[in-house]
Amino acid sequence: MDDSIENWDMQHTSFQILRFLLIHHDENWRRASSVIEALEPRRLKKVERREQILLELRLKPHVRVSELASLFGVTTETVRRDMEEMSEAGLLNRAHGGASAAAPGIHRDMDERRLERVAERERLGRFAASLVSDGETVMIDAGTTTMEFARSLAFAERRVTAITNSLQVAMVLGQSQAAQVRLAPGKYMQQEAAVIGTETCDYLSGFNVDACFLGAAGLSEAGVTEAVEGFDAIKRTMLRQSAARRFLIDSSKFGRTYLFRIATCDEIGTLVTDALPEGPLGTAIRDTSTEILVASAGPVCVGTKRAPAPR
C-alpha cells in the first residue's frame with residue numbers, strides 16, 4: 001500500500017514537473033520567437049529603400065550596392081534597379097559599384113524638364129539672345145528655357161549686365177568674360193536652384209533694366225501662369241522693373257493654366273515661341289498688342305507692334 005502511494009506521488013510529481021516544463025517551454029519559446037522576430041530586419045518596401053538610400057548619401061559621399069543589399073536584406077539586383085530608377089529621376093548619380101549624391105540644387109523635376117523638348121528650348125534661347133544688344137541690362141528668371149537663353153548669351157559673348165534669381169543662370173552666364181552678373185539674395189529653393197521671397201523682390205526692385213526674359217509653366221486665355229509658388233512674385237517684380245517684357249514659352253505649354261497668374265494676355269509684351277498659338281488662345285492673344293516671335297520660322301508679328309528681325 002505504501003509502495004503504491006509512493007509510486008503515485010512520484011508519478012504525480014513527475015507529471016507536475018513535465019507540465020511545468022511544457023508550459024514554461026512554450027512561454028520561453030514565444031518570448032524567444034518575438035525577440036528573434038524583432039531582431040530580424042524587416043523587409044523594406046521600394047519607397048522605404050529609396051528613402052534610406054538618400055539618407056545614406058547624406059551621411060557619406062558614396063554608397064555601394066553590396067553594402068545596401070546586405071543592409072536591406074535584398075539582392076544586389078534589387079538595389080541596382082532602385083539606383084537606376086533613382087538616377088533617371090535625378091535623385092542620385094550612378095557610379096562604379098554604387099552611387100553618389102546628385103549635384104546640389106537640381107531637383108528631379110528640373111532634370112526631367114531639361115530632357116524634354118531640348119531642340120525647341122535651344123532654338124528659343126538662341127533666338128532670344130539675338131534680341132539683346134551689347135551694353136543692355138536684363139533680368140532673367142529661373143527655368144530650363146531661360147538657362148538656354150543665358151547659355152546663348154555667354155556663347156555669343158554679349159556684353160550685358162544680367163540680374164537673376166537663378167543660381168544656374170548665374171553660373172552659366174558667369175562663364176562669359178563679357179557679361180556682368182548679379183545674383184539676387186533670398187530664400188534658396190533647392191528644387192529649382194533659385195532664390196525667392198521678399199528679400200529677392202526688394203533687391204530686384206532696386207534696378208531698372210532694358211528688358212526681362214522670363215519663362216512660365218503655362219499660357220492660356222487666362223494669361224501667363226506659374227506652378228511654383230514664389231516664382232510668381234519674382235516674375236511680376238521683374239516685369240515692373242523692365243522697359244521691355246519678353247516671355248520665352250514653347251508651344252507645349254499652350255492651353256495650360258496653373259494656380260499663380262503672372263500676366264494677362266495683354267500684359268505679355270513679346271512672346272518668343274516655336275509655333276503660333278491657335279484656337280481660343282490664338283484668339284485671345286490676337287485681340288491684344290502682344291508681339292509674337294516664332295523662332296522656328298522667323299519673326300511673326302500679331303497685334304500693333306512690329307517684330308524686329310533677329311541679328
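Index from 1, following the sequence. For clarity, every value in this text was computed on a predicted model and none was experimentally measured.
F155 meets the ring pair (Phe, Tyr, Trp, His ring centres under 6.0 Å) test with no other residue; sequence neighbours excluded.
In this structure, D82 contributes its side chain and R80 its backbone to no donor-acceptor pair below 3.5 Å. Looking at S152, its side chain does come within 3.5 Å of a backbone N or O of E148 through a donor-acceptor pair. Here the side chain of D134 pairs a donor or acceptor atom with the backbone of R159 at under 3.5 angstrom. Counting only distance, with no hydrogens or angles, the side chain of T200 and the backbone of P185 share a donor-acceptor pair below 3.5 Å. Although no hydrogens or angles enter the test, the distance criterion places a donor-acceptor pair under 3.5 Å between the side chain of R94 and the main chain of G98. The closest donor-acceptor contact from the side chain of S251 to the backbone of D274 lies at 3.5 Å or more, if one exists at all. N165 places no side-chain N or O within donor-acceptor distance of the main-chain N or O of A194, the cut-off being under 3.5 Å. The backbone N or O of D141 sits nowhere less than 3.5 Å from a side-chain atom of K235 that would complete a donor-acceptor pair. With hydrogens and angles disregarded, a donor-acceptor distance shorter than 3.5 Å links the side chain of T273 to the backbone of I249. Here the side chain of R261 pairs no donor or acceptor atom with the backbone of G223 at under 3.5 angstrom.
Between the CD1 atom of I196 and the CD atom of E199 there is a distance of 12.0 Å, given to the nearest 0.5 Å. Taken to the nearest 0.5 Å, the CD atom of E136 stands 10.0 Å off from the CG atom of L153. A distance of 11.5 Å separates CZ of R256 from OG of S220, quoted to the nearest 0.5 Å. In this structure, OG1 on T76 lies 13.0 Å from CD on E67, to the nearest 0.5 angstrom. Here CG of L281 is found 9.0 Å from CZ of R286. Values are rounded to the nearest 0.5 Å. Here the CD1 atom belonging to I53 is positioned 5.0 Å from the CZ atom belonging to F72, to the nearest 0.5 angstrom.
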* To do: Would you check, one step at a time, whether the test side chain to side chain contact (heavy atoms under 4.5 Å, CB included) holds for T164 with T146?
  => CA-CA 10 Å; T164 183; T146 52; over 6 Å; no
* To do: For the pair R240 and R236, evaluate side chain to side chain contact (heavy atoms under 4.5 Å, CB included) and give the outcome as yes or no after the intermediate values.
  => CA-CA 6 Å; R240 286 196 302 269; R236 285 195 296 268; 4.2 Å; yes
* Asked: Can Y188 and L167 be said to form a side chain to side chain contact (heavy atoms under 4.5 Å, CB included), step by step?
  -> CA-CA 9 Å; Y188 183 65; L167 177 62; 3.8 Å; yes
* Kindly determine whether L44 and R49 satisfy side chain to side chain contact (heavy atoms under 4.5 Å, CB included), including the steps that lead there. => CA-CA 6 Å; L44 299 178; R49 289 198 307 270; 3.7 Å; yes
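Considering every non-hydrogen atom in both V169 and A150, the closest pair reads CG1-CB, 3.8 Å. Minimum heavy-atom separation, A129 to R158: O-NH2, 3.3 Å. The shortest non-hydrogen separation linking A184 to V195 is O-CG2, 3.3 Å. Among all heavy-atom pairs drawn from I285 and C265, the shortest one is CG1-SG, 4.3 Å. Closest approach of L204 and M139 over heavy atoms only: O-CE, 3.3 Å. Counting all heavy atoms, side chain and backbone alike, S166 lies closest to L183 at O-CD1, 3.7 Å.
With a 4.5 Å cut-off on side-chain heavy atoms, Q180 and T161 count as touching. V160 is listed as a side-chain neighbour of V132, based on a closest heavy-atom distance under 4.5 Å. Side-chain contact between I163 and Y203 is present, with heavy atoms from C-beta onward closer than 4.5 Å. You'll find the side chain of I234 reaches within 4.5 Å of the side chain of C201, heavy atoms only. Side-chain contact between R151 and M147: present, with at least one pair of heavy atoms (C-beta onward) separated by less than 4.5 Å. At least one side-chain heavy atom of D210 sits less than 4.5 Å from a side-chain heavy atom of T137. Using a 4.5 Å heavy-atom threshold, the side chains of L239 and F247 count as touching. Proximity of R246 to L293: side-chain heavy atoms (C-beta onward) are nowhere separated by under 4.5 Å.
Linking Ile, Leu, Val, Met, Phe, Trp and Tyr whenever their side-chain heavy atoms come within less than 4.5 Å leaves F254 and F260 in two separate clusters. Side-chain heavy atoms closer than 4.5 Å link hydrophobic residues (I, L, V, M, F, W, Y) into clusters, and following such links, even through other members, never connects Y258 to M189.
With hydrogens and angles left out, the side-chain atoms of E56 and Q52 include a donor and acceptor closer than 3.5 Å.
Within 6.0 Å of CD in E77 there are more than 12 heavy atoms belonging to other residues, nucleotides or ligands.
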